[in-house]
There are 4 protein chains.
Amino acid sequence: MLNRVVLVGRLVKDPDLRYTQSGKAVANFTIAVNKPFTNQNGEREADFINCVIWNKPAENLANYMSKGQMIGVDGNLQTRSYDGQDGKRVFVTEVLAGSVQFLESKKNNKQEAVDYPSTAPQTQSEPIDISDDDLPF
Amino acid sequence: MLNRVVLVGRLVKDPDLRYTQSGKAVANFTIAVNKPFTNQNGEREADFINCVIWNKPAENLANYMSKGQMIGVDGNLQTRSYDGQDGKRVFVTEVLAGSVQFLESKKNNKQEAVDYPSTAPQTQSEPIDISDDDLPF
Amino acid sequence: MLNRVVLVGRLVKDPDLRYTQSGKAVANFTIAVNKPFTNQNGEREADFINCVIWNKPAENLANYMSKGQMIGVDGNLQTRSYDGQDGKRVFVTEVLAGSVQFLESKKNNKQEAVDYPSTAPQTQSEPIDISDDDLPF
Amino acid sequence: MLNRVVLVGRLVKDPDLRYTQSGKAVANFTIAVNKPFTNQNGEREADFINCVIWNKPAENLANYMSKGQMIGVDGNLQTRSYDGQDGKRVFVTEVLAGSVQFLESKKNNKQEAVDYPSTAPQTQSEPIDISDDDLPF
DNA sequence: TTTT
DNA sequence: TTTT
């Protein structure tokens, strides 16, 4: 089956880098992708898309990119669910980034080695032990 | 900015066709896209991705495709929010399909005229007047 | 059927804008997309991908973008053939751009209105009357 | 940089499987992807897109798929050149498939394990020692 | 609950 | 026949 997403947009806030108990890096980030037209009031709207990236690229992202910067994302859509604070199941649809491209970087010019192949299968091979209370959704 | 999604998966249930007050057709549908690997228990998992399509292609989808059939989707990610029944804002990430391809059809062999160009801007040009209580999320 | 291409790369030369006899604008351009790894000699290689865009976006491209600038392309692959100068048929595979995003612009900050829907069907509805001798391939 | 291609189409002929001198499998194949509209004579046209795939998936492709079958391809565009029989340099643009999905299979129902990550970097890490005279272009 |  |  096919599952492919490509986005270019701006970071809505700084990436949120964490580590699993086994030491893997994960970064959550949200990008604003402007819609290609204006709405009925002449305003440009955006979609705000949640993304995740794992391992070394997660650390690079947190090191070199910050709120407002433009970024490219190549990955796939994933859905997952967790128990919300009110006991109800919460369903999440987000982009699992295999690679990101730093289209601007205030901090440093190190360009992320873009890595088509990496739409990280390892994500799944190890339980994520960040507790749900910490998840940004 | 760029916002592109391509999926191939199977309809998890029959498409849900509705009409806005102004008479536009909208179909909501969910597809299961198998992950390309098995989990730690050797099971194949899937992502369950919500999609929307507008106008004539929505009617064609409802007419020719049903639960279990394989479908291709070309579109873009959109996010929106509505007030949930508990008064809390619910955020939705879904795929706005510009075109769909019927990769199997139990009903009829009419192949959807696949339509790269149609990632429907008109979606936004008119308020959607289906009430939130009817939305399948 | 599905046919989708998304690229981010740099213009290898200035876009080449022409007009058909009926007055439609067409721009041909080539972008270098660096490969995500270095070769056996430690060098970064690139793919050099030929693209075409029609109508107003072709004129915008020629007006605002030039050699070396970074550009995003959303489109589809097309193949065509013509008789080469030696009488042999030449086959061309290129990207028909539906929309482009100006990720840098030396000339002006006018951001191309990115237009998912436009993977230009009109391309085909009218014969292209630029003579083959003028084609950049 | 970003370089992503997704296609669904039909094999125009049986895949052509070969081995490099070092024993790696490579399969070349061409798919016809119908255009989403008919031309001025009411005929449906297609694009004929050359693709390559490496290693085990190349062997699976050759084993399970044949002329006329529908296939999905996820990969990236690559360009390369070689010296043609008339001494002139020939430029090739083709899709390097990272994964393929067998959407039909006359031979066997074994579904290719779809493998987002595999847009094969190894392709480049070893010289291809099939002589140019054998190349299908 | 948002970016330029 | 190539970009940074």
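Predicted model only: the values in this text are computed from it and were never measured. The sequence lines fix the lettering, A, B, ..., with proteins before strands; numbering per chain opens at 1.
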Quiz item: Counting side-chain heavy atoms from CB outward, which of dT2(E), dT3(E), dT3(F) is closest to Asn34(A)?
Solution: dT3(E)

Starting at [atom1] of [X] and ending at [atom2] of [N], how long is that distance when rounded to a whole Å?
X	N	atom1	atom2	result
Arg10(C)	dT4(F)	CZ	P	7 Å
Glu45(A)	dT3(E)	CD	C1'	14 Å
Gln69(A)	dT4(E)	CD	C1'	11 Å
Asp14(A)	dT2(E)	CG	C1'	13 Å
Met65(A)	dT4(E)	CE	C1'	13 Å
Met1(D)	dT4(F)	CE	P	10 Å
Asn50(C)	dT3(F)	CG	P	14 Å
Arg44(A)	dT3(E)	CZ	C1'	13 Å

What I'd like to find out is whether the side chain of [X] reaches to under 4.5 Å of the side chain of [Y], using heavy atoms alone.
X	Y	answer
Arg89(D)	Asp83(D)	yes
Leu77(A)	Val5(A)	yes
Asn50(A)	Asn28(A)	no

Quiz item: Rounded to the nearest 0.5 Å, what separation is found between the CG atom of Asn76(B) and the CE atom of Met1(B)?
Solution: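 Asn76(B) atom CG to Met1(B) atom CE measures 14.0 Å (nearest 0.5 Å).
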
